[in-house]
Amino acid sequence: MDETRVAALMEGLRTNEVAERRARGQVNDLPDTSTRSIGEIARANLLTPFNFLLGGLLAVIVVVGPLNDAMFGGVIIANTLVGIIQEVRAKRTLDRLSVISEPHVTVRRDGAAQEILVNEIVLDDVIEIGPGNQVPVDGEVIVSHALEVDESLLTGESDAIVKEAGDQVMSGSFVAAGSGTFQARKVGADAYASQIAADARRFTLARSELRSGIDLIIKLVGFLMIPTGTLLLVNQIRLHMGIAEAVGGAVAGLVAMVPEGLVLLTSIAFAASVVRLGKRDVLVQELPAVETLARVDVVCLDKTGTLTEGDLVLAKIVPGPNVSDADAADAFARLALIEASPNATLRALAKGVAPDDVDALGSPEPDSVRVATIRSTAQAATPFSSARKWSSATFEGTTWLLGAPDVLLRRVADPDALREAVETYASQGQRVLLLATAGSAPVGDDLPTPLQPCALALLEDRIRAEAADTLAYFASQGVAVKIISGDHPATVAAVARKAGLDVDHGIDATTIPDGDDEGLARLVDANTVFGRVTPRQKRAMVRALQADKHVVAMTGDGVNDVLALKDADIGVAMGSGADATRAAAQLVLLDSNFASLPSVVAEGRRVIANIERVANLFLTKTVYAMLLALAVGVAGLPFPFLPRHLTLVGSLTIGIPAFFLALAPNTNRAEPHFVARVMRFAVPAGLLCATATFVGYYLATLESSALSQDQRRTTATLILVGLGFEILIRLARPLTRWRQILIVSLVAVFAAILALPSGRKFFALALPHPTTFVAIIGIVAVSWWIMGVAERLSRIYRRPYERLLAAQDRTNARELSRRTERNTASTVEVTGGTPSDPESGAQPGVAATTLADDPAVAGGSPASPPPGNAPDPTTPVEPTVVDDPRH
């Protein structure tokens, strides 16, 4: 591509050209699939299998029966309205948060750079991209500054691909290193990854263990309803009942079998979680993420930006023998300022050695003479990447390299003495960068040999004030924490200790052999801190933990975290992180505060525990309705209820309390095997309810009882209500004040209906004889006693497991106490500097200490310093909040 054409393209589109393309529809305006539209929400809540089933039964009752028996139609209306209202609330919350976190891009229009939303890109727009940016549309590269693109999210291959002018870039890929400019060739639905992105962002309840369990229950219930309902209807007709009464009895049995509120309350619980978390600046991009995080037992996190504040500052420069302070500072400045898209480390370095030029960092047209001169005089340059862990630049025949000491020291003739010094600094929690020279430029990712070390730069960060409490919370909840970082393992271990983790050392990931999955799994399981981890290794560690049956959460903010985030059971991105990171995650912490995670875990546990609680209620009703239908069918008795009776019982003992219980606080542990646990409760509880109700109803049908059919039905209703409230009381524990008020209110409502003649008439209830009341009380009392005995036996059966949990809680409590004491003791150290520089304070200066002054460092030879003037080495470094998309 010739320079004239490049210059013309870099002017970008004119305003009128942008307008023309918008008018033709050539804009990247994809439909918002992160949430459903209002119409889709209404249809999804109205056109449900339950509504079709109940609606059909309602139509039958309207035709053949009294309208009083059509009360269950109100359930259809209530479920639909409540579901719509809750999901609309969640949609508004999600839409608001999505706008806050919506990615922006820099385009060139009318000869100048301007920032726009991704959906405002038009065909032929000229777009600038840098490290961490996700490519928003397909295009052709115009200018490449050592641009490397990772297409792993599209192809599965994690190797970064070098892109030169004229090469194609695809939407959905992201920049791993370097920077560049490309022209949009395909936008909107024509772009390669538009459909993939739309599917990934869709607001859905599909991938959820909880929902899968409920779906299984619904299928099982639906399968059993067909023969049961058929038997019930045939039996009613066989008893020579009128068609209206026979159909009414069959409809009553079928309506009771339908757990109509279970799916609704699951949706409501999830939607309410979105609203709650939205108030804490947590964007839930996939609804089941709330549930998944509640099941997490391992959290993998990076050091920078999670345990630490991310405010890296240059604490000290340590020049080598025969290297002056000014020459070292100038070399560091050149390597920091030449980067077109510097990360947080390079920004901190530049702020310490070239504070006057920091504002020009990353600008394609810097207004700094020094930055422009450095970029124009460089003969070659290799940008930093998290995979290489080094960068380079060549000036006047001398190549300068800056990077991780353990990587560069592999090409140093005598590295042992310098390695000891690096270990010392790293063990104090400082990030160490090595400056070295070489006689030739690197070829690709291969370092030249030999390298001559010249100086060290020491950077430090501050521990987040809330880090210790957050880690202690995970420890108390039995969630293991793995610190996985690209920094030196000693540095990571030191920071982890300051944050409250009890670790002795960190594992150097460079020593882990490739391909040994079993060895890696054992290593990851047995250790807490890992340093010098590459993006591939992060992904391998996540997969190793998953292979060991762990549920893994991965937090991150840089492009080196994308692969691991994508593979983890739950990916959590920082709001200030790279575009690609946010796109790959299910949760985004918009305030980039790691301390928000405990509230997300608690929210997930609330959802799971409460849905299990209400599932017990609804499935108990399904079981006893089905068993009663079978029992009366075999015994040749009329069905003991009218539809209105079961609507009354279901509303007071299940539907209304379930709505409140589904949204109540709950901190119970999230456990697997949801369906098995629910059935273990619902089947025996439903069997007991069905048995007691059938016994009471059967006795009431005997000729000696002299009870009318209404009195017999009332007898069955009273027994079922009594047992329903007993089950509700047991499932609502602990009985807090508001739960007591709720249950007492519901009992009072039923008592009022029974006491008022108008209530009895509407619900077709007739008070039985006093002796029958005594029998009812006796049957309910015996059933309550049986429930109590069964509960005690269940506790005895579960006691070994509960002892294990209690022992673990006591261990966690002791660990929390030790960590709190240790963290308190280290507060001065964390906030006041490092052990090597206790007086450094909040804004350390750049001290000039030579490598020769360190007794652990020996040897070294002069290096050719670059020309130029260095800034005052005592210039104070002001801390700043910056992104670190690659470290």
So which atom in [X] and which in [Y] form the shortest heavy-atom distance, rounded to 0.1 Å?
X	Y	value
A426	V432	N-CG2, 4.2 Å
L349	A457	CD1-CB, 3.9 Å
L565	G556	CD2-N, 4.2 Å
P342	A336	CB-O, 4.5 Å
A494	S427	CB-O, 3.3 Å
G178	P131	O-CD, 3.1 Å

task: Return yes if some donor-acceptor pair links the side-chain N/O of K482 with the main-chain N/O of V524 below 3.5 Å, else return no.
output: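 Present.
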
task: Look only at the side chain of D525 and the backbone of R522, and say whether a donor-acceptor pair between them is shorter than 3.5 Å.
output: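 No, the answer is negative, given that no donor and acceptor are paired below the 3.5 Å cut-off.
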
- prompt: Does the side chain of S324 pick up a donor-acceptor pair with the side chain of D327 at under 3.5 Å?
  reply: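 Short answer, yes.
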
message: One pair to check against side-chain hydrogen bond (donor to acceptor under 3.5 Å, both in side chains): H488 and E423. What are the steps and the verdict?
response: CA-CA 8 Å; H488 193 287; E423 293 285 346; 3.2 Å; yes

Counting C-beta onward and ignoring hydrogens, is there a side-chain heavy-atom pair between [X] and [Y] closer than 4.5 Å?
X	Y	value
L434	V422	no
D150	E148	no
W400	R334	no
I512	L523	yes
L401	L435	no
T382	W390	yes
V529	V495	no
R532	K389	yes

side-chain contact (heavy atoms from CB on, under 4.5 Å) partners for [X], two or more places apart:
X	result
A568	V542, M554
T394	Q379, A380, T399, A441
T470	E466, F474, F594, A595, P598
S391	E339, F384, L402

State which residues pass salt bridge (Lys or Arg N to Asp or Glu O under 4.0 Å) with [X]; sequence neighbours excluded, sorted by chain then number.
X	value
D445	R388
R419	D416
D357	R370

When rounded to the nearest 0.5 angstrom, what distance separates [atom1] in [X] from [atom2] in [Y]?
X	Y	atom1	atom2	result
L314	T345	CG	OG1	11.0 Å
T555	I484	OG1	CD1	9.0 Å
L459	T491	CG	OG1	10.5 Å
M574	L590	CE	CG	11.5 Å
Q428	E460	CD	CD	9.5 Å
T308	R464	OG1	CZ	7.0 Å

State which residues pass side chain to side chain donor-acceptor pair (under 3.5 Å) with [X]; sequence neighbours excluded, sorted by chain then number.
X	value
T449	R411
S592	S576
T181	none
D591	none

task: Show the numbers, then the answer: is there a side-chain contact (heavy atoms from CB on, under 4.5 Å) between K538 and L563?
output: CA-CA 8 Å; K538 285 190 178 184; L563 301 179; over 6 Å; no

- request: Can you tell me which residue pairs pass the salt bridge (Lys or Arg N to Asp or Glu O under 4.0 Å) test with a partner in residues 376-386, sequence neighbours excluded?
  value: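 Sorted result for residues 376-386: empty, none.
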
salt_bridge(R543, D567) N-O dist < 4.0 Å: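 Yes, this pair counts.
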
message: Before you tell me yes or no, could you show the steps for N593 and L589 under side-chain contact (heavy atoms from CB on, under 4.5 Å), namely the whole-Å CA-CA distance, both residues' side-chain angles and the distance that decides it to 0.1 Å?
response: CA-CA 6 Å; N593 191 350; L589 307 182; 5.9 Å; no

- request: Starting from the C-alpha separation in whole Å, work towards a yes-or-no answer on side-chain contact (heavy atoms from CB on, under 4.5 Å) for V141 and V169.
  value: CA-CA 7 Å; V141 177; V169 289; 3.7 Å; yes

query: Should K163 and I129 be marked as a side-chain contact (heavy atoms from CB on, under 4.5 Å) after you check the CA-CA gap, both sets of side-chain angles, and the distance that decides it?
result: CA-CA 12 Å; K163 297 290 184 178; I129 50 176; over 6 Å; no

